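None of the values given here were measured: they were computed from a predicted structure.
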Amino acid sequence: MKRNIYNFIALFALILTLASCARDWQDPDTSIASQNISIATLITNRQAYASAGVSLIGKVWDLQTGTVHSGAKEGEEKTYTTFILADRAGTGIDVYAPGEVDIQEGDFVRVVGIYRKEFQRTGDYFLNVVDAVRIEEWSPGLGYWIREFEFD
């Protein structure tokens, strides 16, 4: 009888342990550790966020889709989307996303990606862009609209 009780306790502990380990699976290509920051904070602290995961919210401007030739096979092209993500003050950051993204100009979105601050020898010396891993729809709440209509 005592042995059955110990077996029951062990089985119950095993079930609790396995249940606590179960969670929703996330695709590693679309899930990264990121910080929720404002676009203005990112722009003013570029060195601190270089190659870091960031989560930004804003409005989509200058939406463009293009193709680039892939080096893998001749004639194969990869599609990409670029746009400027701007906050309510007009401060913007360039966003690059592989493939076609289902957004429109003027949409409010949350972009989760990796901020790249790369040195270039010509033109603008630093290429500041967010490589988007995930783009989600975002709807501004009442607080956003109250701040939008404040007077200086």
Side-chain angles (χ1 to χ4, degrees), residues 13-152:
L14 178 65
I15 290 171
L16 284 179
T17 303
L18 292 176
S20 67
C21 293
R23 59 181 168 174
D24 293 335
W25 182 82
Q26 291 184 348
D27 185 2
D29 292 338
T30 60
S31 60
I32 61 170
S34 62
Q35 290 181 319
N36 291 327
I37 60 171
S38 67
I39 296 170
T41 302
L42 178 63
I43 297 296
T44 56
N45 299 308
R46 293 177 183 184
Q47 189 62 34
Y49 293 105
S51 298
V54 295
S55 177
L56 307 165
I57 56 172
K59 201 171 197 179
V60 176
W61 296 111
D62 195 23
L63 181 66
Q64 298 177 1
T65 303
T67 57
V68 66
H69 294 289
S70 173
K73 294 181 182 176
E74 190 173 322
E76 185 179 345
E77 295 182 341
K78 291 188 177 185
T79 305
Y80 65 90
T81 303
T82 60
F83 59 92
I84 297 173
L85 186 70
D87 62 9
R88 64 184 187 87
T91 306
I93 185 84
D94 293 330
V95 177
Y96 168 85
E100 287 191 43
V101 181
D102 188 24
I103 57 175
Q104 301 295 320
E105 187 132 346
D107 285 353
F108 287 96
V109 295
R110 176 185 307 274
V111 175
V112 178
I114 300 172
Y115 174 67
R116 305 281 185 205
K117 178 181 174 267
E118 299 173 2
F119 179 73
Q120 302 181 105
R121 296 186 187 276
T122 60
D124 292 333
Y125 288 111
F126 287 101
L127 173 67
N128 299 296
V129 67
V130 175
D131 285 333
V133 175
R134 186 173 66 240
I135 299 175
E136 307 167 343
E137 288 185 26
W138 179 78
S139 59
L142 180 62
Y144 179 87
W145 293 114
I146 290 172
R147 287 192 307 269
E148 185 73 19
F149 293 114
E150 285 179 351
F151 294 101
D152 291 330

One pair to check against side-chain contact (heavy atoms from CB on, under 4.5 Å): Phe83 and Val111. What are the steps and the verdict?
CA-CA 11 Å; Phe83 59 92; Val111 175; 4.1 Å; yes

Let's go through Thr82 and Val95 carefully: what are the C-alpha distance in whole Å and the side-chain angles of both, what is the deciding distance for side-chain contact (heavy atoms from CB on, under 4.5 Å) to 0.1 Å, and is it a yes or a no?
CA-CA 6 Å; Thr82 60; Val95 177; over 6 Å; no

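The two atoms that bring Ala97 and Ala132 nearest to each other are CB-CB, 4.0 Å, heavy atoms only.
Within the 4.5 Å cutoff, the side chain of Tyr115 has no heavy atoms near those of the Leu56 side chain. Ile135 places a side-chain heavy atom less than 4.5 Å from the side chain of Ile103. Side-chain contact check for Glu105 versus Trp61: some heavy-atom pair is nearer than 4.5 Å.
Taken from NZ in Lys59 to CG in Asp107, the straight-line distance is 9.5 Å, to the nearest 0.5 Å. A distance of 11.0 Å separates CD1 in Ile93 from OG in Ser38, rounded to the nearest 0.5 Å. Separation of atoms CZ (Arg88) and CD1 (Ile57) is listed at 10.5 Å; rounding is to 0.5 Å. Ile37 contributes atom CD1, which lies 9.0 Å from atom CD1 of Ile39 (distance to the nearest 0.5 angstrom). Remark: Thr67 OG1 to Tyr80 OH distance equals 7.0 Å, nearest 0.5 Å. Note that OG of Ser55 is 11.5 Å distant from CG of Leu42, once rounded to the nearest 0.5 Å.
Of the possible donor and acceptor atoms, none in the side chain of Thr91 sits under 3.5 Å from a partner among the backbone N and O of Asp87. Remark: the backbone N or O of Gly99 is paired with a side-chain donor or acceptor of Thr81 at under 3.5 angstrom.
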